[in-house]
S.K.: 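Sending over a structure as C-alpha cells; questions will come in a sec.
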Amino acid sequence: MKKLLSYCIVIVLVVTSFTGWSMKTSKASDSIKTAPLNLVCYFNKVKIKLPKRKNVALYKIYKVRVTKKVVKSNGYEIARKKFKKLATVSASKKSYNDKKVKRNKEYAYFIDGYKKKKGGKYSLVFTTYRDMYDSAYTGLVKPDITSQYSDNYNNDATYVHFHISSSAGIKPTASTETKYKKLKIKPMPNSDDDPTLYGDSGLTPNTTYKYKAKAYYKKGKKKYYSKYSNVFKITPCNDVAKFTVTSLTEPGNNVSEFVLKIAGQKNNGKTKFYYTSSGEDYDEYRFTDNTDKNSSYWIRVTEYSLDNKVWKSLKDTSVTTMSNEIIYLKFQMTRKSDDTSSEFNYGSNKTKRSELEMSSISYAGPNPGSSKLYFDIEKGTGTASTYTD
C-alpha cells in the first residue's frame with residue numbers, strides 16, 4: 001500500500017561557526033581572531049550577515065562557486081586562493097546581499113575584517129575562513145525522511161512517526177507529491193524539541209507503507225519544487241510482541257531439554273529465532289522452586305516444529321513467526337562454568353520462578369534497536385521487543 005506524504009515543515013538554515021583557530025598564512029596569526037559566518041539563502045540572492053566587531057573599519061567578502069574542481073579531494077575543504085573578492089563594505093553595514101547568483105547553485109563565502117591604522121593603512125584582525133568551507137545553496141534541497149524513536153513517541157501497530165529534515169538551502173513553504181496518496185500531516189504536538197517530527201495514524205498492522213516527499217517554496221502565485229526525497233518504508237506492528245507460553249515438558253531435576261508452545265498475539269511483528277554458537281555469551285534460563293532452590297543455565301534453541309510432530313533443526317537455518325501464529329521450540333540447557341551440580345532443574349509452569357531471557361532473536365518491530373525476548377514460563381506469558389543501548 002502506498003501513501004503520499006504532504007507536510008508543513010520548518011527547516012532552519014544550518015550555519016556553521018567555529019572559533020579558536022588561527023590563520024597560518026600570516027606571521028601575526030596569533031592576533032587574528034575568528035568570527036562566525038551567517039548565510040541566508042534565497043533563489044535570487046544570498047544574504048551575508050556581517051558580524052559586529054570592535055575596531056573594525058571595513059569588511060572584504062570573498063566568494064567561490066562550489067564545484068568538484070574547487071573542492072579538495074577530502075570533500076570539505078576549499079583553498080583560500082580559490083576564492084575571489086566579491087566586495088568591500090563598510091563596518092557600519094549589517095549585511096550584504098550577493099545578487100550575482102544563479103538558482104539551484106552552491107556558493108562558498110568568507111569574510112575578512114580590517115581595522116584602520118595610522119597613515120590610512122589597514123590590518124587584518126579577524127577572518128571567517130577555515131578549512132571546512134561555509135556555503136549557501138540557492139534552491140530547495142530535497143528532504144530526508146528517517147525513522148524516529150523516543151520515549152515520548154513510540155511507533156505501534158497503527159501509528160508511525162518519522163523525521164523530516166534538510167541540511168541547507170531555502171526554507172520551504174511545504175511539500176507535495178503526485179504519485180502517492182496525499183496526507184495532511186502537521187508537526188506533532190509538544191514536539192518543540194524536534195519541530196520536524198511527524199506522524200501518520202489509522203494504519204493497518206503488518207502492512208508495509210512507503211512515504212516520500214518533495215518540498216516547495218511559494219513565491220507569489222508561483223511554486224518552486226525540490227527533488228523527491230528518499231522513500232521511507234515502515235511496517236507498523238506491536239511495539240512489544242506478546243505471546244502465550246505453555247511448557248510441554250514436565251518439571252524435574254534432570255531435564256536438559258524442554259519444549260515450549262508459543263502462540264503469538266494479534267498484530268505482532270516478525271520474530272526470528274535462530275541457533276547460537278557455543279559459549280557463555282548467549283541466552284539464559286532461570287529456576288527457583290518453592291524451597292527457594294535457585295539454578296540458572298545457558299540455553300539455546302535447537303529445533304522447531306509447526307505441529308509438534310515434525311521437527312527441524314535450527315543449526316543451519318532460522319525460523320520466523322508473526323501475529324497469531326503458533327510455533328513449538330525445543331531448548332537445550334548447558335551448565336555455566338561455575339556450576340558443579342549434577343542436576344538440571346527445570347520448573348515448567350508450576351514453579352515459583354521459571355523464566356528465560358534471550359538475545360539470540362530478531363524482532364522486526366516498528367522501532368529501531370537491538371532485540372530481546374523474555375518468557376515467564378511460570379505465568380505463561382512472553383514478550384519480544386527492541387531497545388536502544
S.K.: Walk me through it: do Phe287 and Tyr346 pass the test ring-ring contact (aromatic ring centres under 6.0 Å, His included)?
M.R.: CA-CA 6 Å; Phe287 159 85; Tyr346 177 68; 8.2 Å; no
S.K.: Are Tyr328 and Trp311 packed together at the side-chain level, in the sense that at least one heavy-atom pair is separated by less than 4.5 angstrom?
M.R.: yes
S.K.: Taking all non-hydrogen atoms of both residues, which atom of Lys212 and which atom of Asn230 are closest, and how far apart?
M.R.: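 Heavy-atom minimum between the residues: CB-O, 3.7 Å.
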S.K.: I'd like to know if the side chain of Thr321 and the backbone of Ile327 have a donor-acceptor N/O pair within less than 3.5 Å.
M.R.: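 Pair absent, no side-chain N/O of Thr321 close to backbone of Ile327.
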S.K.: With the side chain counted from C-beta on, respond yes when Arg53 and Phe126 share a heavy-atom pair under 4.5 Å apart, and no when they do not.
M.R.: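 Yes. Closest side-chain heavy atoms under 4.5 Å.
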S.K.: In the structure I gave you, are the side-chain heavy atoms of Ser359 and Lys372 within less than 4.5 Å of one another anywhere?
M.R.: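 No - every pair of side-chain heavy atoms lies 4.5 Å or more apart.
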S.K.: Check whether any side-chain N or O of Asp156 sits under 3.5 Å from a backbone N or O of Thr158 as a donor-acceptor pair, and report yes or no.
M.R.: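 Yes, Asp156 side chain to Thr158 backbone: donor-acceptor pair under 3.5 Å.
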S.K.: Kindly write out the residues that satisfy ring-ring contact (aromatic ring centres under 6.0 Å, His included) with Tyr274, not counting sequence neighbours, or none if the list is empty.
M.R.: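 If we apply the ring-ring contact (aromatic ring centres under 6.0 Å, His included) test to Tyr274, skipping adjacent residues, there are no hits.
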S.K.: Does the pair Glu106 and Val141 meet the rule for a side chain to side chain contact (heavy atoms under 4.5 Å, CB included), with working shown?
M.R.: CA-CA 11 Å; Glu106 185 179 7; Val141 175; over 6 Å; no
S.K.: Just grab all the salt bridge (charged side-chain N to carboxylate O under 4.0 Å, His left out) pairs involving residues 255-271, residues at least two apart or on different chains.
M.R.: none
S.K.: Would you find a donor on one side and an acceptor on the other, under 3.5 Å apart, between the side chain of Asp200 and the backbone of Leu203?
M.R.: no
S.K.: Among Phe258, Phe331, Tyr374, Trp298, which residue meets the ring-ring contact (aromatic ring centres under 6.0 Å, His included) test with Tyr285?
M.R.: Phe258
S.K.: Report yes if some heavy atom in the side chain of Thr208 is under 4.5 Å from a heavy atom in the side chain of Ile234; otherwise report no.
M.R.: no
S.K.: Can you check side chain to side chain contact (heavy atoms under 4.5 Å, CB included) on Lys222 and Lys219, steps first, answer last?
M.R.: CA-CA 5 Å; Lys222 192 171 182 179; Lys219 187 176 181 181; 5.5 Å; no
S.K.: Can you name the ring-ring contact (aromatic ring centres under 6.0 Å, His included) partners of Tyr224, sequence neighbours left out?
M.R.: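 Partners of Tyr224 by the ring-ring contact (aromatic ring centres under 6.0 Å, His included) criterion, ordered by chain and then number, come out as Phe43.
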S.K.: Measuring from Arg65:CZ to Ile78:CD1, what's the distance to the nearest 0.5 Å?
M.R.: 11.5 Å
S.K.: Please check: side-chain N/O of Lys116 versus main-chain N/O of Asn55, any donor-acceptor pairing under 3.5 Å?
M.R.: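 Between the backbone of Asn55 and the side chain of Lys116 there is no qualifying donor-acceptor contact (under 3.5 Å).
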S.K.: To the nearest 0.5 Å, what is the distance between OG (Ser295) and CZ (Arg286)?
M.R.: 12.5 Å
S.K.: Quick one: does any side-chain atom of Ser371 pair with a main-chain N or O of Tyr363 as donor and acceptor, under 3.5 Å?
M.R.: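 Checking the backbone N and O of Tyr363 against the side chain of Ser371, a donor-acceptor pair under 3.5 Å is found.
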S.K.: Hey, is Glu355 close enough to Lys379 for a salt bridge, meaning N to O under 4.0 Å?
M.R.: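 No, Glu355 and Lys379 are not salt-bridged.
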S.K.: Going only through I, L, V, M, F, W and Y residues with side-chain contacts under 4.5 Å, is there a path from Ile262 to Met322?
M.R.: no
S.K.: Check whether any side-chain N or O of Ser229 sits under 3.5 Å from a backbone N or O of Ala213 as a donor-acceptor pair, and report yes or no.
M.R.: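 Yes, the answer is positive, given that a donor and an acceptor are paired below the 3.5 Å cut-off.
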S.K.: Tell me whether Arg300 contacts the main-chain N or O of Thr302 through its side chain, where contact means a donor paired with an acceptor under 3.5 Å.
M.R.: no
S.K.: Working to the nearest 0.5 angstrom, can you tell me the gap between Met358 CE and Glu284 CD?
M.R.: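 Met358 atom CE to Glu284 atom CD measures 12.5 Å (nearest 0.5 Å).
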S.K.: Yes or no on side chain to side chain contact (heavy atoms under 4.5 Å, CB included) for Leu50 and Ile111, after CA distance, side-chain angles and deciding distance?
M.R.: CA-CA 8 Å; Leu50 304 175; Ile111 302 171; 3.7 Å; yes
S.K.: Can you find a heavy atom in the side chain of Tyr133 that is under 4.5 Å from one in the side chain of Asp131?
M.R.: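 Answer no - side chains too far apart.
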S.K.: With no hydrogens and no angle check, just 3.5 Å: does a side-chain donor-acceptor pair link Asn268 and Ser323?
M.R.: no
S.K.: In terms of side-chain geometry, is the basic nitrogen of Asp98 or Lys45 positioned less than 4.0 Å from the acidic oxygen of its partner?
M.R.: no
S.K.: With a cut-off of under 6.0 Å to the ring centre and 45° to the axis, is Lys312 in cation-pi contact with Tyr304?
M.R.: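 Judged by the rule (NZ or CZ under 6.0 Å from the ring centre, within 45° of its axis), Lys312 is not positioned above Tyr304.
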S.K.: Under the rule for side-chain contact (heavy atoms from CB on, under 4.5 Å), what residues qualify as partners of Ser313, not counting sequence neighbours?
M.R.: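 Ser313: side-chain contact (heavy atoms from CB on, under 4.5 Å) contacts with Lys315.
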S.K.: Regarding Ser247 and Thr249, do their side chains bring together a donor and an acceptor under 3.5 Å, going by distance alone?
M.R.: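 Ser247 vs Thr249: no donor-acceptor pair found between side chains.
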S.K.: Can you check whether Pro205 reaches Cys237 side chain to side chain, under 4.5 Å on heavy atoms?
M.R.: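 Not in contact.
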S.K.: Among side-chain atoms of Thr351 and Asp289, is any donor-acceptor pair under 3.5 angstrom?
M.R.: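 Side-chain D/A pair, Thr351 to Asp289: absent.
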S.K.: Are Ile299 and Ile361 grouped together when hydrophobic residues (ILVMFWY) are joined by side-chain heavy atoms under 4.5 angstrom apart?
M.R.: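 As far as the 4.5 Å side-chain criterion goes, Ile361 and Ile299 are connected within one cluster.
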S.K.: State plainly whether the residues Asp112 and Arg80 are in salt-bridge range, i.e. N to O under 4.0 Å.
M.R.: yes
S.K.: Glu77 and Asn74: which non-hydrogen atoms are nearest, and at how many Å?
M.R.: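 Nearest heavy atoms, Glu77 then Asn74: OE1-ND2, 3.0 Å.
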S.K.: Do Asn154 and Asn367 pair up side chain to side chain, a donor and an acceptor below 3.5 Å, judged on atom types alone?
M.R.: no
S.K.: Within a radius of less than 6.0 Å around CG of Asp316, do more than 12 heavy atoms belonging to other residues, nucleotides or ligands occur?
M.R.: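 12 or below, so no.
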S.K.: Any non-hydrogen side-chain atom of Tyr42 less than 4.5 Å from a side-chain atom of Asn97?
M.R.: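 Contact flag for Tyr42/Asn97 side chains = no.
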S.K.: For the residue pair Ser135 and Val66, what are the closest heavy atoms and their distance?
M.R.: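 So the minimum-distance heavy-atom pair works out to CB-CG2, 4.4 Å.
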S.K.: What pairs of residues pass the ring-ring contact (aromatic ring centres under 6.0 Å, His included) test when at least one of them lies in residues 83-110, not counting sequence neighbours?
M.R.: Tyr62-Phe110, Phe83-Phe110, Phe110-Tyr129
S.K.: Using atom types as modelled and distance alone, determine if a side-chain donor or acceptor of Ser226 lies under 3.5 Å from a backbone N or O of Lys214.
M.R.: no
S.K.: Heavy-atom distance under 4.5 Å between the side chains of Tyr114 and Val125, does that happen here?
M.R.: no
S.K.: Assess whether a salt bridge exists between Lys352 and Asp292, defined as any Lys/Arg side-chain N lying under 4.0 Å from an Asp/Glu carboxylate O.
M.R.: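 Judged by the 4.0 Å cut-off on N to carboxylate O distance, Lys352 and Asp292 do form a salt bridge.
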S.K.: Rounded to the nearest 0.5 Å, how far does NZ of Lys223 lie from OH of Tyr216?
M.R.: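 The distance works out to 4.0 Å.
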S.K.: Walk me through it: do Leu37 and Ile48 pass the test side chain to side chain contact (heavy atoms under 4.5 Å, CB included)?
M.R.: CA-CA 8 Å; Leu37 182 60; Ile48 305 161; 4.1 Å; yes
S.K.: How far does CG of Asn254 sit from CG of Asn345, to the nearest 0.5 angstrom?
M.R.: 9.0 Å
S.K.: Distance-only, no hydrogens or angles: does the Asn267 side chain make a donor-acceptor pair with backbone N or O of Asn238 under 3.5 Å?
M.R.: no
S.K.: Calculate, to the nearest 0.5 Å, the distance between atoms CD and CZ belonging to Glu303 and Phe273 respectively.
M.R.: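 CZ of Phe273 is found 15.0 Å from CD of Glu303.
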S.K.: Is the shortest distance from a Lys or Arg side-chain nitrogen in Lys293 or Glu343 to a carboxylate oxygen in the other one below 4.0 Å?
M.R.: yes
S.K.: What's the shortest heavy-atom distance between Leu124 and Gly113, and which atoms?
M.R.: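 In terms of heavy atoms, the two residues are closest at CD1-O, 3.4 Å.
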S.K.: The criterion is ring-ring contact (aromatic ring centres under 6.0 Å, His included); which residues satisfy it with Tyr59, sequence neighbours excluded?
M.R.: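 Per chain and number, Tyr59 pairs via ring-ring contact (aromatic ring centres under 6.0 Å, His included) with no residue.
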S.K.: If the plane angle is over 60° it's perpendicular, under 30° parallel, otherwise tilted; pick one for Phe375 and Phe243.
M.R.: perpendicular
S.K.: Looking at Thr383 and Val240, would you say the former's side chain and the latter's main chain have a donor-acceptor pair under 3.5 Å?
M.R.: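 Checking the backbone N and O of Val240 against the side chain of Thr383, no donor-acceptor pair under 3.5 Å is found.
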